[in-house]
4 protein chains.
Amino acid sequence: MSPPTARRRLTREESRAQTRERLIDTAQHLFVSNGYGGASIRDIADKAGYSQGAFYSNFSSKEDILLELLRRHMEAEAVQLSTVMGNDAQQPEQMLAELEAWASTLNQDADWCMLSIELQLHANRSPTFAAEYQKVWDRHRSEIGGVIGLLFEKLGRSPPAAPDELAAAFMALSHGLALQRTTDRMDPSGRLIMVFLRGLIASAK
Amino acid sequence: MSPPTARRRLTREESRAQTRERLIDTAQHLFVSNGYGGASIRDIADKAGYSQGAFYSNFSSKEDILLELLRRHMEAEAVQLSTVMGNDAQQPEQMLAELEAWASTLNQDADWCMLSIELQLHANRSPTFAAEYQKVWDRHRSEIGGVIGLLFEKLGRSPPAAPDELAAAFMALSHGLALQRTTDRMDPSGRLIMVFLRGLIASAK
Amino acid sequence: MSPPTARRRLTREESRAQTRERLIDTAQHLFVSNGYGGASIRDIADKAGYSQGAFYSNFSSKEDILLELLRRHMEAEAVQLSTVMGNDAQQPEQMLAELEAWASTLNQDADWCMLSIELQLHANRSPTFAAEYQKVWDRHRSEIGGVIGLLFEKLGRSPPAAPDELAAAFMALSHGLALQRTTDRMDPSGRLIMVFLRGLIASAK
Amino acid sequence: MSPPTARRRLTREESRAQTRERLIDTAQHLFVSNGYGGASIRDIADKAGYSQGAFYSNFSSKEDILLELLRRHMEAEAVQLSTVMGNDAQQPEQMLAELEAWASTLNQDADWCMLSIELQLHANRSPTFAAEYQKVWDRHRSEIGGVIGLLFEKLGRSPPAAPDELAAAFMALSHGLALQRTTDRMDPSGRLIMVFLRGLIASAK
DNA sequence: GATGAATGAGACTTCATTCAT
DNA sequence: AATGAATGAAGTCTCATTCAT
């Protein structure tokens with residue numbers, strides 16, 4: 001009945017998905033700028049253009065939407081990493097170059113890192129959330145740890161600490177730097193991360 | 001004035017100071033465990049053993065007590081650093097040893113780092129607070145930056161990034177690691193910081 | 001139209017009737033256990049296995065389904081009473097025995113009485129509902145009153161109060177006792193009602 | 001400073017007590033007319049002339065104020081009963097006369113009985129509340145049971161059911177009749193209760 | 001200096017109901 | 001006939017803050 005070229009009216013499922021998506025986006029922005037506790041559901045719904053009830057027909061609670069953000073965060077980070085580390089037959093120089101490319105992405109979106117921090121903070125406070133968080137976190141850390149281990153292996157050197165620990169340290173560095181970020185200052189996160197990584201390599205035997 | 005043997009009744013000023021002190025201590029604990037937003041003034045007053053009114057007799061607002069915590073935080077960190085870096089005629093080996101001692105103190109009290117994070121988070125959200133925070137932060141960073149610069153100087157090498165940036169990075173690392181801390185896992189913060197520092201030195205020319 | 005051997009697909013009307021029936025049953029259970037105000041339409045629909053929309057396809061409002069329950073309640077009580085009081089040429093002893101049988105049915109289903117109470121409570125609060133309720137109630141009371149009047153007549157005694165009042169009192173007694181019912185205590189409603197009835201007869205001249 | 005004859009400014013305690021009292025009174029009226037579930041804390045506070053916060057600085061929850069009403073209800077009923085049954089050396093005729101006086105008080109305040117019903121209903125739904133309720137209820141029932149037992153003893157007859165059961169039945173009767181009460185009809189509760197009581201006596205041997 | 005009752009705004013959440021699908 | 005996403009009002013409760021005592 002409606003011509004295929006015209007902007008089609010959304011099906012019910014699409015419409016629901018759109019609502020969900022808008023709420024999730026808005027929630028992310030507000031969690032980042034006001035913190036999880038500081039962002040109210042009223043604000044999220046209002047800014048997304050819906051009623052509070054719409055929020056609750058899409059999410060069971062405030063924590064529920066944070067869980068959804070956690071899932072997406074993890075997924076996106078995994079995708080990002082696998083994109084960077086795509087070709088498996090690599091020279092160490094290539095790996096370093098790609099790591100540098102990856103590190104520089106961290107600069108782009110401070111929001112992204114701030115969300116990590118909010119997730120971590122909330123995990124420290126809500127046992128329910130902590131359980132989910134731990135799974136995601138452990139997996140991500142061990143993926144990065146794998147990359148680091150591989151790098152040192154290809155360089156024929158032994159890493160100065162367990163790869164997983166180094167992975168955690170790099171994430172810590174990145175989060176800590178995000179925390180320091182102000183709007184008026186240029187952000188050196190990516191560069192500093194590489195400085196530290198080169199240092200580790202230099203000190204490895 | 002009061003007989004030395006009897007338990008002296010506190011003067012009015014001492015009593016007031018005691019109240020202040022107890023409120024500050026309690027506030028710190030609660031800000032750390034619940035976050036600034038998650039800690040209520042009623043909780044602070046209750047747990048400190050006072051009424052809400054007592055809080056407002058000593059502090060003008062919730063942010064006011066956070067400012068006081070900020071001041072003390074800065075002061076304590078300065079003292080800590082100057083204790084470690086006391087003797088100014090030092091060999092690089094001594095400096096490293098003392099830095100290691102300092103880094104290990106960071107393990108001791110996760111609360112300390114979490115407070116840093118809460119301060120930083122609140123600075124990102126409240127312009128009033130941000131102004132005060134920036135002063136303290138800049139000063140502290142440049143102090144640590146000084147130590148790092150001096151270290152490289154004594155080693156006769158040039159640091160792989162501006163000393164202030166490196167200082168910020170080490171603080172970021174320490175905060176990021178504190179954020180990861182769970183009760184059940186041993187905390188490798190101090191050790192990792194030294195691993196990274198040695199890396200920097202190794203890569204410096 | 002449909003082959004008699006196969007499980008016949010429900011006609012549209014039958015299907016609708018089934019939906020209605022299930023919703024009514026579920027509503028009754030929930031009104032009884034949570035009260036009219038405490039039972040939500042979402043709960044009713046969910047527990048009945050339908051959507052909220054299905055509810056509104058069958059009933060115009062929450063009060064509407066309560067009205068339907070009222071109608072059925074009245075009808076069922078009338079049937080119950082007429083079953084018990086079926087043969088009109090009776091001896092007083094027979095009547096008492098049959099009343100006893102009837103009274104004992106009140107023990108069986110506390111839910112039944114609790115529904116009466118919910119209906120009465122809602123009638124006290126909603127004028128719309130009260131109008132309908134009053135009709136049903138008056139009719140039921142006068143039916144029971146008729147039985148009581150007849151009993152005393154056959155006994156050749158005059159009742160110690162207007163039969164309708166006595167009827168109301170017996171219903172009150174039964175409802176009040178239902179209200180006291182707890183799961184862990186055996187319910188003496190039927191027996192107590194007979195004790196009171198025998199008392200009335202004994203005191204009548 | 002203020003003359004003793006002038007309307008004195010309330011002390012803090014008096015003021016608090018006044019607030020509590022007004023909230024309790026208002027709550028009772030609203031619970032009776034709208035039911036426990038139908039009365040909102042907003043309404044209670046508003047009609048009492050306070051903010052919602054004032055409610056919560058006097059009661060910890062909605063159930064808490066219902067518990068307070070329960071306590072007062074019990075106390076008042078105990079007082080009422082002991083007033084009626086004051087002189088312990090009584091003739092049966094006196095006792096009956098006094099019981100009649102007591103029964104007639106039940107007519108006065110339908111609200112009183114409706115509150116009983118709300119208490120009972122809520123006890124059937126909230127386990128927390130049920131525990132408290134049971135204590136009060138058991139005690140009250142056995143007090144009335146005592147009076148009934150004594151009456152039959154003085155009459156030299158044995159009651160046609162356990163005195164406690166009879167007590168429960170009379171309370172049930174009174175509650176059930178309260179439930180039937182409408183504004184436009186005169187209330188025969190007291191009279192009917194006496195009719196039933198006389199019946200019991202007449203049928204006792 | 002300290003109290004804590006009271007405020008008013010705002011938190012999260014549930015509800016009866018509507019309406020496009 | 002039935003769906004269920006969305007609404008807007010209302011629910012219980014907590015908060016930072018004020019002020020008479």
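Lettering follows sequence order; numbering is per chain, from 1.
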Find the distance [X]:[atom1] to [N]:[atom2] and express it as a whole number of Å.
{"X": "B/Arg16", "N": "E/dG1", "atom1": "CZ", "atom2": "P", "answer": "6 Å"}
{"X": "B/Asp64", "N": "F/dA16", "atom1": "CG", "atom2": "P", "answer": "14 Å"}
{"X": "D/Gln18", "N": "F/dT21", "atom1": "CD", "atom2": "P", "answer": "13 Å"}
{"X": "A/Glu14", "N": "F/dA5", "atom1": "CD", "atom2": "P", "answer": "14 Å"}
{"X": "D/Glu13", "N": "E/dA6", "atom1": "CD", "atom2": "C1'", "answer": "17 Å"}
{"X": "D/Arg22", "N": "E/dA6", "atom1": "CZ", "atom2": "C1'", "answer": "13 Å"}
{"X": "D/Arg12", "N": "F/dT21", "atom1": "CZ", "atom2": "C1'", "answer": "5 Å"}
{"X": "C/Leu66", "N": "E/dA16", "atom1": "CG", "atom2": "P", "answer": "13 Å"}

Which residues satisfy the side chain to side chain contact (heavy atoms under 4.5 Å, CB included) test with [X], sequence neighbours excluded?
{"X": "C/Asp25", "result": "none"}
{"X": "B/Asp46", "result": "B/Arg42"}
{"X": "A/Glu21", "result": "A/Arg72"}
{"X": "C/Ser33", "result": "C/Leu30"}

*asked:* Under 4.0 Å, heavy atom to any atom of DNA chain F: which of residues 23-32 of chain A qualify?
replied: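 When residues 23-32 of chain A is checked for heavy atoms under 4.0 Å from DNA chain F, there are no hits whatsoever.
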*Kindly indicate, with the supporting measurements, whether the criterion side-chain hydrogen bond (donor to acceptor under 3.5 Å, both in side chains) is fulfilled by B/His73 and B/Gln28.*
CA-CA 10 Å; B/His73 196 67; B/Gln28 169 160 342; 6.0 Å; no
*What pairs of residues pass the salt bridge (Lys or Arg N to Asp or Glu O under 4.0 Å) test when at least one of them lies in residues 114-127 of chain C, not counting sequence neighbours?*
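Those involving residues 114-127 of chain C are C/Glu118-D/Arg125, C/Arg125-D/Glu118.
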*When you check the phosphate oxygens OP1 and OP2 of E/dT21, does a side-chain N or O of A/Ser15 lie under 4.0 Å from one of them?*
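A/Ser15 to E/dT21 OP1/OP2: no side-chain N or O under 4.0 Å.
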*Side-chain N or O of C/Asn58 less than 4.0 angstrom from OP1 or OP2 on F/dA1?*
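No, no such contact exists.
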*asked:* For a quick check, with a 4.0 angstrom heavy-atom cut-off, what is the B/S/- contact string for nucleotides 7-13 of chain F, read 5' to 3'?
replied: BB--BBB
*Could I get the full list of side chain to side chain donor-acceptor pair (under 3.5 Å) partners for C/Gln134, not counting sequence neighbours?*
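With sequence neighbours excluded, C/Gln134 shows a side chain to side chain donor-acceptor pair (under 3.5 Å) to C/Asp138, given in chain and number order.
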*asked:* Run the side chain to side chain donor-acceptor pair (under 3.5 Å) test against C/Ser57 and tell me which residues pass, sequence neighbours left out.
replied: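 With neighbours one apart ignored, the set is empty.
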_The criterion is salt bridge (charged side-chain N to carboxylate O under 4.0 Å, His left out); which residues satisfy it with C/Arg71, sequence neighbours excluded?_
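C/Glu68.
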_Residues forming a salt bridge (charged side-chain N to carboxylate O under 4.0 Å, His left out) with D/Lys47, sequence neighbours excluded_ =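 Result, salt bridge (charged side-chain N to carboxylate O under 4.0 Å, His left out) vs D/Lys47: none returned.
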*Verify, without hydrogens or angle tests, whether B/Tyr36 (side chain) and B/Glu63 (backbone) share a donor-acceptor contact under 3.5 angstrom.*
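Checking the backbone N and O of B/Glu63 against the side chain of B/Tyr36, a donor-acceptor pair under 3.5 Å is found.
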*Both distances under 3.5 Å, Watson-Crick or G-U wobble: on that basis, could you give the dot-bracket string for DNA chain F, with [ ] for crossing pairs and | for other-strand partners?*
.||||||||||||||||||||
